[in-house]
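The structure under discussion appears below in the form of structure tokens.
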Amino acid sequence: MNANSKQVIIVGAGPGGLAAALQLAAAGVRVKIIERLPHVGGRTSTIEAEGFKFDLGPTFFLYPRVLEEIFAAAGRRLRDEVELIRLDPQYRILFGAGGQLDCTPNVERMEAQLRALAPADALQFRNFLADNREKLALFQPCLEKPFLGWQDVLNLRLLKLLPRLNPHLSMDAYLKKFFADPRIRLAFSFQSKYLGMSPFRCPSLFSILSFLEYEYGVFHPVGGCGAISQAMARIATEMGVEICLDEPVTELLFAGRRAVGVRTPGGLHHADAVVVNADFARAMERLVPDEIRRRWKNAKLARKKYSCSTFMLYLGVDGQFDLPHHNIYIAENYAQNLDDIENRHVLSADSSFYVQNASVTDPSLAPRGQSALYVLAPVTHQHPNVDWAREKDRFRDQLLGQIAKAGFGDLSGRICYERVITPADWDTRYEIYRGATFNLAHSLDQLLHLRPQNRFEDLDRVYLVGGGTHPGSGLPVIFESARISSRLLLEDLGVPVPGPAHAEPQCQLAPA
Ligand SMILES: Cc1cc2nc3c(=O)[nH]c(=O)nc-3n(C[C@H](O)[C@H](O)[C@H](O)COP(=O)(O)OP(=O)(O)OC[C@H]3O[C@@H](n4cnc5c(N)ncnc54)[C@H](O)[C@@H]3O)c2cc1C
């Protein structure tokens, strides 16, 4: 079989699409990525303006192992392409209810931080790490394989694992086994926000997220996470992948139920298989006729649960800030804030927020003497209760007031560059269904085979990569989705799947 006779089209140059391109090109198939925006990276791209550089979306780069292996499969070393700095402290958490933690991967120093807030809880930190180390080892195989039906669930070691994974418990309920102080529980569960969920609802399995940070590190890629997308695109191009920018796919083309190509304003592009990296629900609604979908019809998409959205400020500011790289403020009444986001769909008066002060680690991001600040507040996804045309300026001012009140810095009079992105912008400008920046929610009824599947179950020769499919949203699992889907696609085309690539861990701990 001549792999090079097979043509694959990837719709979207986000991290999922780029990682799939590397895998498929390494197997020898011809790959064309078609991207609607004039740049690569999707939500993991870079905003550059007036000497400042900001990540559009992701700023926490966790668990580089998956990407290291994808680079190794492409014959490269991640470390040679992007410099990764391990952060210590990995972040500061400021509790609206009082107290703060500078969270560090150094176990003794972390215990000391915890002791200052809750002495009894500090003794449990090592137990928490040990329990999650075991949990990750048990669950990891499930993250690396496809889930194509109940048989994969029933077959699996997963059934035996279920009691160990406590599927009925939320992250917060699980953490009560270790920590009595609600602030400490939040310090190990706010990471559910990476999935766009509340720790009071997010399945306890995801306590592995905070464990991953302490065990494997929180990294800053020099130049920002967008530098990773750029590196993937550069390597893909060198491997012969064609990347067409500024060219929206307007329709997937079918012979019966089998994908045979895509349409763009530039014409028709033939393909033996199509990989969809564009936001799943939006792509289905816009690119695939409702009548040929079986399971994921528009009415079903509308009934599904979606993640929160985010209100964003990208600020170029005069002066420097005595703040760590990542800073998280957790609202005094966090439960109320989450209820506002997830159930009441209104804006909170005391919102949680996150400030990234990346120039403290990476001077390449701002002109000398200035800082690139990235501010993110989790908010409801698009809902009739909130009209962003009316709320945008008010919410921006509220957030700047909160930042000053929390002691992160008074920005008034110092802002020299500003860009705002609201959930309405995520929806319309970035083509994200309901502006739900972290895709379909990660509730138990929307995980594993209940998520849209990697080998898309509704259509032939259509594969999904990115946050909308299994395993879920967040860069390491998005890269894993690209590996799973690429393997399935190559098997279906009869192209030999390259063996697993092993990469040496390559990342350095930055000086504290
Ligand atoms: C504000 C924010 C913060 C985040 N923070 C983190 C974090 O710290 N750590 C982390 O691991 N993850 C984080 N994430 C989540 C996730 O890692 C990113 O959103 C990631 O970029 C999603 O990747 P993806 O490949 O699924 O899709 P995307 O990045 O959205 O890429 C999809 C691509 O498809 C293109 N496209 C869409 N429609 C079409 C069409 N019709 N034709 C052609 N192209 C099309 C889009 O333009 C886009 O380039 C964050 C996300 C957001 C939004």
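Read the numbers this way: they start at 1 and go in the same order the structure lists the ligands and their atoms. Everything numeric in this text was worked out from a predicted model, so none of it was measured.
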With no hydrogens and no angle check, do the side chains of [X] and [Y] hold a donor and an acceptor under 3.5 Å apart?
X	Y	result
Asp88	Thr104	yes
His325	Asn357	no
Asn337	Ser352	yes
Glu48	His39	no

Looking at [X], which atoms of ligand 1 are within less than 4.0 Å of one of its heavy atoms?
X	value
Thr437	53 (C)
Ala278	34 (O), 36 (N), 37 (C), 38 (N), 39 (C)
Gly41	29 (O)
Leu376	1 (C)
Gly16	25 (O)
Gly42	29 (O), 31 (O), 48 (C), 49 (O)
Leu37	47 (O)
Thr310	1 (C)

**Request:** Anything under 30° is parallel, anything over 60° is perpendicular, the rest tilted; go ahead and classify His345 against His383.
**Result:** parallel
**Asked** Between Tyr91 and Tyr214, how do the two ring planes meet: parallel, tilted or perpendicular, split at 30° and 60°?
**Response**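 Answer is perpendicular, since the angle exceeds 60°.
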**Prompt:** Are the charged groups of Glu68 and Arg65 less than 4.0 angstrom apart, N to O?
**Reply:**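 Judged by the 4.0 Å cut-off on N to carboxylate O distance, Glu68 and Arg65 do not form a salt bridge.
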**Asked** Does the distance from a Lys or Arg side-chain N to an Asp or Glu carboxylate O, for Arg30 and Glu242, drop under 4.0 Å?
**Response**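 Looking at Arg30 and Glu242, the cut-off is not met.
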Please check this pair: side chain of [X] against backbone of [Y], looking for a donor-acceptor N/O pair closer than 3.5 Å.
X	Y	answer
Arg434	Ala302	yes
Ser229	Thr44	yes
Arg295	Asp458	no
Thr250	Arg263	yes
Asn327	Gln356	no

Starting from [atom], locate the nearest protein heavy atom and write down its residue, its atom name and how far away it is, to 0.1 Å.
atom	answer
atom 34 (O) of ligand 1	Gly12 CA, 3.3 Å
atom 5 (N) of ligand 1	Pro58 CA, 3.2 Å
atom 22 (C) of ligand 1	Ile478 CD1, 3.4 Å
atom 9 (N) of ligand 1	Phe60 O, 2.9 Å
atom 15 (C) of ligand 1	Ser473 OG, 3.8 Å

The one among [options] that brings a heavy atom closest to [atom]:
atom	options	value
atom 23 (O) of ligand 1	Cys244, Pro248, Pro15, Gly14	Pro15
atom 2 (C) of ligand 1	Gly468, Pro378, Gly57, Gly474	Gly57
atom 40 (C) of ligand 1	Val249, Leu18, Leu209	Val249
atom 44 (N) of ligand 1	Gln356, Glu431, Arg36	Arg36
atom 24 (P) of ligand 1	Val477, Leu62, Asn277, Leu475	Asn277
atom 21 (O) of ligand 1	Asp246, Thr44, Asp279, Asp55	Thr44

**Item:** Over 12 non-hydrogen atoms of neighbours within 6.0 angstrom of CZ in Arg133
**Value:** yes
**Message:** For Met312, which part has a heavy atom under 4.0 Å from ligand 1: side chain, backbone, both, or neither?
**Reply:**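 Within the 4.0 Å criterion, Met312 contacts ligand 1 through side-chain atoms alone.
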**Asked** For ligand 1, which part of Phe438 has a heavy atom less than 4.0 Å away: the side chain, the backbone, both, or neither?
**Response**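 The part of Phe438 near ligand 1 is the side chain, not the backbone.
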Less than 3.5 Å between some nitrogen or oxygen of [X] and one of ligand 1, yes or no?
X	value
Gly467	yes
Tyr374	no
Thr59	yes
Arg43	yes
Glu35	yes

**Request:** Only one of Phe190, Phe60, Tyr329 passes ring-ring contact (aromatic ring centres under 6.0 Å, His included) with Tyr354; say which it is.
**Result:**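 Among Phe190, Phe60, Tyr329, the one meeting ring-ring contact (aromatic ring centres under 6.0 Å, His included) with Tyr354 is Phe60.
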